[in-house]
Amino acid sequence: MNALKVFNTMSRRKELFTPLKAGGVRMYVCGVTVYDECHLGHARSAVVFDVICRYLEHLNFEVTFVKNFTDIDDKIIKRAEQESVPWQTVTGRYIDAYHRDMERLGVRLATLEPKATEHVNEIVTLIQALIEKDIAYPVGPDVYFHITAFPRYGALSKRKLDEMQAGARIEVDERKRHPMDFALWKGAKPGEPSWDSPWGAGRPGWHIECSAMAIRHLGETFDIHGGGEDLIFPHHENEIAQSECATGKEFARYWVHNGLVTIDQEKMSKSLGNFFTIREIFEKFPASAPVTAEILRFFLLSTHYRSPIDFSDKALRQARAGLNNFYDLFKRLEEGSAQRLPGKAEWQKVLTRIARSVEEAMDDDFNTPAALASLQKFRSDVNRRLHAGLSSSEGQEALGVFRKCGQILGLFQVPSSDWEFGQAVVAGPTDPLMDYPPTVVVSSKASIDDSEIERLLEERQQARARKDWTRADAVRQELAERGIAIEDRADGSTTWKR
RNA sequence: GGCGCCGUACCCAAGUGGUUAAGGGAGCAGUCUGCAAAACUGCGAUGCGGCGGUUCGACCCCGCCCGGCGCCUCCA
C-alpha cells in the first residue's frame with residue numbers, strides 16, 4: 001500500500017521497498033568505535049537513520065533496529081595504553097558519551113545496541129564455518145578471509161579485484177593467499193586484551209563483528225543495512241563476503257548510505273583534524289540543548305541524506321532562522337484568536353493534503369528537504385489564514401499537524417514558550433561586507449527572569465499610554481540588550497521572546 | 001593510477017524529457033505599526049558548470065572537457 005522507494009547502493013537505483021516479512025522491518029546500522037568523542041559526522045549518520053526508523057514506524061512497520069558499538073579495536077587498545085587504564089574504562093566512557101550526545105540530539109535508542117565483545121562466541125563460530133568451507137585460513141595466530149572465494153566481491157562498491165590491486169597502497173603480507181585477503185581474527189600480542197579461540201588468544205577483526213551481530217539479532221537475511229558512505233569499501237563489502245559465504249544466503253536486501261559532513265568542502269575527520277564534536281557544539285552554541293538539537297537536526301535534514309553537507313556557522317544560522325519562523329507561528333497559534341467560525345470541510349482537506357505531501361516526500365527515498373519545503377509552504381499558508389481569521393480550534397489543529405509531521409523528523413517538539421529565538425538585538429548597523437547581520441550572542445536564560453521582563457513591559461506599557469516614546473524605546477532597548485525581543489500586537493498587548 | 005559521486009539564483013537546497021525550474025535564508029520595495037518586530041504582498045535564475053550529440057523538444061538521456069569531492073589505509 002505504501003509506495004516507499006529507497007535508493008539501494010547495491011543497484012545504484014531507487015527501488016520499491018518491500019520488507020522480507022510483511023509488516024516488519026529489520027535494520028542494521030554500523031554504529032561507532034568507542035575510543036573518542038563523537039563528531040558531527042557521527043551525528044549526521046545517527047540522525048539520518050533515526051529519521052528513517054521514525055518514518056518506517058510512521059508507516060506502521062514494526063522496526064527492529066540494531067546499532068552496534070565496536071568496543072574492541074586498535075585505537076581503543078592504544079588509548080587505554082596511553083591512559084594506563086583497562087580498555088573497558090575507555091569504551092565505557094565513550095559509550096556513555098555517545099548516549100549523552102544522542103539524547104541531546106533527540107536520537108532515540110535503537111531496539112538493540114549490541115557490543116562486539118559480547119559476541120565473541122558468535123564471531124568464532126562464524127569464522128569456524130568459513131574455515132571449514134576453506135574460505136578462511138589460519139596464518140599463525142591470525143585468520144584471513146580468502147577473497148577470491150567470493151566471486152561477487154566488489155559488487156557493492158563497484159570495484160573489480162584486479163583493478164584494485166593496481167592502486168593498492170598497502171604492503172602485502174606474503175603469507176596471505178591473495179593480497180586483498182583481510183583479517184577475521186587477530187592473534188593477541190603480549191599484554192593485549194584477548195579472547196580464547198581455536199587459533200589461540202586473540203580478538204575479532206573489524207568486519208566480522210557486524211556480520212556476527214547482524215545475523216545473531218536479525219537473521220541471515222534482513223532488510224536494511226546502513227552506515228556512512230565511507231563504509232562502503234572495504235567494510236560493507238567485506239561484511240557481505242563473509243556473511244554470504246558463511247550462510248549461502250543474501251545478507252542485506254537494501255544498502256543505505258548517508259553522505260559525509262564536510263568543513264570548507266573537505267571531509268570532516270579525525271585524521272584531518274577539522275572536526276567538531278557533538279559535545280562542543282552543544283556547549284558552545286548559544287541556546288539550550290533542546291533548541292540546539294532542533295537547529296542541528298534542521299540543518300542536517302535540510303540536505304538530502306545522500307548528498308554531502310557542508311557545516312558552518314552560517315549554515316547553522318540559516319537553520320535557526322528557518323526554525324524561528326515556525327516557532328513564531330506556533331506562538332501566535334497558541335495565543336489563539338477566535339475570530340471566525342471554522343470552515344470545516346475545506347480546512348480538513350488542507351490538513352490532509354499537507355500531511356500527505358510530507359509522506360510523499362519521505363516516500364521518495366526519505367527526501368527530508370522536500371518534506372521541510374512542504375511544511376514551510378504550510379507555515380506560510382497558515383500565516384495567511386491566521387491573518388484572515390483562523391478559529392482557535394483550527395489553530396490547534398494546525399499546530400497538531402506541525403507537531404505530528406515534525407515528529408517524523410524530530411522537529412517542532414519544543415514547547416514554544418521554551419523556544420529561544422536568539423535574535424533580540426535589532427540595534428546596530430548591518431555589516432555591508434557580510435550577507436548576514438552579525439549574530440548577537442544573547443539568550444542566556446539566566447540573564448533575566450520572566451517577572452523582571454513583565455515588570456519592564458508594564459513600565460513600557462505605561463510610557464506608551466502617555467506617549468512617552470523615548471522612555472518606551474529605552475525599555476525596549478534595555479530588554480534587547482538582555483536578549484529579549486518584543487512584539488506589539490494589534491490588540492494593544494505585547495509579547496516577548498528570547 | 002582505478003572506481004564512484006557532485007556542479008541549479010547572493011547563500012542553502014528540491015526537482016522534471018515538453019504548461020510559470022519547489023521551498024528557505026539574506027536583500028530591496030510596499031501593507032500594518034507612534035517607532036520597531038512579526039506577518040503578509042511584490043521583486044529576484046530567459047536559465048540549471050562548458051561544448052557537442054540523441055530527440056519534434058533536454059537543466060533532466062549520451063559523450064567529451066572544466067571544476068569540486070569521496071573511496072581505494074582507520075573512518076559515520
Side-chain angles (χ1 to χ4, degrees), chain A residues 9 12 29-33 35 38-49 73-75 154 157-160 162-171 180 206 226-235 257-262 265-272 298-299 302-304 306-310 312 314-315 317-325 328-329 331-332 361 364 367-377 379-380 383-384 386-388 421 423-424 426-427 430 434-437 464 467-470 472-473 476-477 480 485-490 494-497:
Chain A
T9 306
R12 309 269 159 162
V29 172
C30 291
V32 293
T33 301
Y35 73 104
C38 290
H39 59 61
L40 229 208
H42 301 106
R44 183 181 196 194
S45 184
V47 167
V48 162
F49 288 101
D73 131 288
D74 292 351
K75 293 189 290 294
S157 56
K158 307 285 175 273
R159 290 157 207 252
K160 295 188 178 71
D162 46 336
E163 282 168 351
M164 273 186 284
Q165 289 168 58
R169 287 187 270 159
I170 39 175
E171 274 183 46
M180 294 293 287
W206 174 35
E229 70 178 17
D230 52 352
L231 296 182
I232 293 172
F233 190 90
H235 186 52
H257 293 97
N258 62 277
L260 306 180
V261 178
T262 61
Q265 319 291 348
E266 249 191 350
K267 177 179 174 177
M268 178 184 290
S269 73
K270 291 274 166 61
S271 46
L272 289 169
F298 190 95
F299 159 69
S302 61
T303 294
H304 184 87
R306 281 191 280 118
S307 303
I309 188 169
D310 201 55
S312 65
K314 184 172 163 184
R317 268 183 264 132
Q318 290 199 0
R320 182 176 212 168
L323 230 25
N324 279 349
N325 286 339
D328 248 316
L329 172 61
K331 275 177 79 88
R332 271 173 280 120
D364 185 13
N367 193 335
T368 55
L372 286 172
S374 283
L375 288 163
Q376 299 193 107
K377 235 181 207 167
R379 175 187 64 74
S380 167
N383 261 320
R384 261 192 305 277
L386 194 60
H387 204 65
F421 292 82
Q423 55 175 347
V426 295
T430 300
M434 299 173 64
D435 59 352
Y436 221 94
R464 292 177 74 209
K467 297 195 191 300
D468 181 356
W469 309 126
T470 311
D473 290 348
R476 177 167 56 205
Q477 184 62 29
I486 60 181
E487 295 175 18
D488 295 330
R489 289 291 145 88
T494 298
T495 61
W496 58 270
K497 61 192 188 187

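Order of the sequence lines fixes the chain letters, A, B, ..., with proteins taken first and strands second; residue numbering starts at 1 for each chain.
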List, with names and distances, any nitrogen or oxygen atoms from the protein found under 3.5 Å away from nitrogen or oxygen atoms belonging to nucleotides 40-45 of chain B.
residue, atom, partner, partner atom, Å
B:rC40, OP1, A:Asn383, ND2, 3.4
B:rU41, OP1, A:Arg384, NH1, 2.5

- Name the nucleic acid region contacted by A:Arg464, choosing base, sugar-phosphate or nothing; use a 4.0 angstrom heavy-atom cut-off, strictly under. base
- Message: Within the 4.0 Å heavy-atom criterion, would you say A:Thr495 contacts the bases, only the backbone, or no part of the nucleic acid?
- Response: nothing
- Task: Between A:Ala472 and A:Lys158, name the one whose nearest nucleotide on RNA chain B is closer to the 5' end.
- Result: A:Lys158
- Considering every strand shown, what is the Watson-Crick or G-U wobble mate of B:rG67 when both distances are under 3.5 Å? B:rC6
- Message: Taking any heavy-atom pair under 4.0 Å as a contact, classify A:Gln376: base, sugar-phosphate, or nothing.
- Response: sugar-phosphate
- OP1 or OP2 of B:rG15 sitting under 4.0 Å from any side-chain N/O of A:Asn367? yes
- Task: Name the nucleic acid region contacted by A:Ile486, choosing base, sugar-phosphate or nothing; use a 4.0 angstrom heavy-atom cut-off, strictly under.
- Result: base
- Message: Heavy atoms only, 4.0 Å cut-off, all strands: where does A:His257 land among base, sugar-phosphate and nothing?
- Response: nothing
- Check: A:Asp488 side chain, B:rC35 base, donor-acceptor under 3.5 Å: yes
- NZ/NE/NH1/NH2 to OD/OE distance under 4.0 Å, A:Glu487 and A:Lys497: yes
- Message: Considering every strand and a 4.0 Å limit on heavy-atom distances, what is the contact class for A:Val48: base, sugar-phosphate, or nothing?
- Response: nothing
- Item | Base paired to B:rA37 (Watson-Crick or G-U; both N/O distances under 3.5 angstrom) | none
- Across the strands shown, which category fits A:Leu260 at heavy-atom distances under 4.0 angstrom: base, sugar-phosphate, nothing? base
- Note on the structure: Per atom distances to the A:Glu266 side chain, the nearest of B:rG25, B:rG70, B:rA38 is B:rG70
- Message: By the 4.0 Å heavy-atom rule, please label A:Gly31 as base, sugar-phosphate, or nothing.
- Response: sugar-phosphate
- Message: Taking donor-acceptor contacts at under 3.5 Å, does the side chain of A:Arg306 reach the base of B:rC5?
- Response: no
- Note on the structure: Testing B:rA38, B:rA22, B:rA76 for proximity to the side chain of A:Val261, the answer is B:rA76
- Message: Categorize A:Lys267 for me: base, sugar-phosphate, or nothing, with a 4.0 angstrom heavy-atom threshold over every strand shown.
- Response: base
- Message: On RNA chain B, compare the nucleotides closest to A:Pro369 and A:Met268; which residue's is nearer the 5' end?
- Response: A:Pro369
- Message: Can you tell me whether the side chain of A:Arg44 and the base of B:rA76 have a donor-acceptor pair closer than 3.5 Å?
- Response: no
- Query: Heavy atoms under 4.0 Å, any strand shown: does A:Gly227 hit a base, just sugar-phosphate, or nothing?
  - Reply: sugar-phosphate
- Would you say A:Thr368 and A:Ser302 make side-chain contact, with heavy atoms under 4.5 Å? no
- Task: Report yes or no: does A:Arg379 contribute a side-chain atom to a donor-acceptor pair with the main-chain N or O of A:Asn325 at less than 3.5 Å?
- Result: no
- Task: Examine B:rA13: is either OP1 or OP2 under 4.0 Å from a nitrogen or oxygen in the side chain of A:Thr303? Give yes or no.
- Result: yes
- Task: Check whether any side-chain nitrogen or oxygen of A:Asn325 sits under 4.0 Å from OP1 or OP2 of B:rA39, and answer yes or no.
- Result: yes
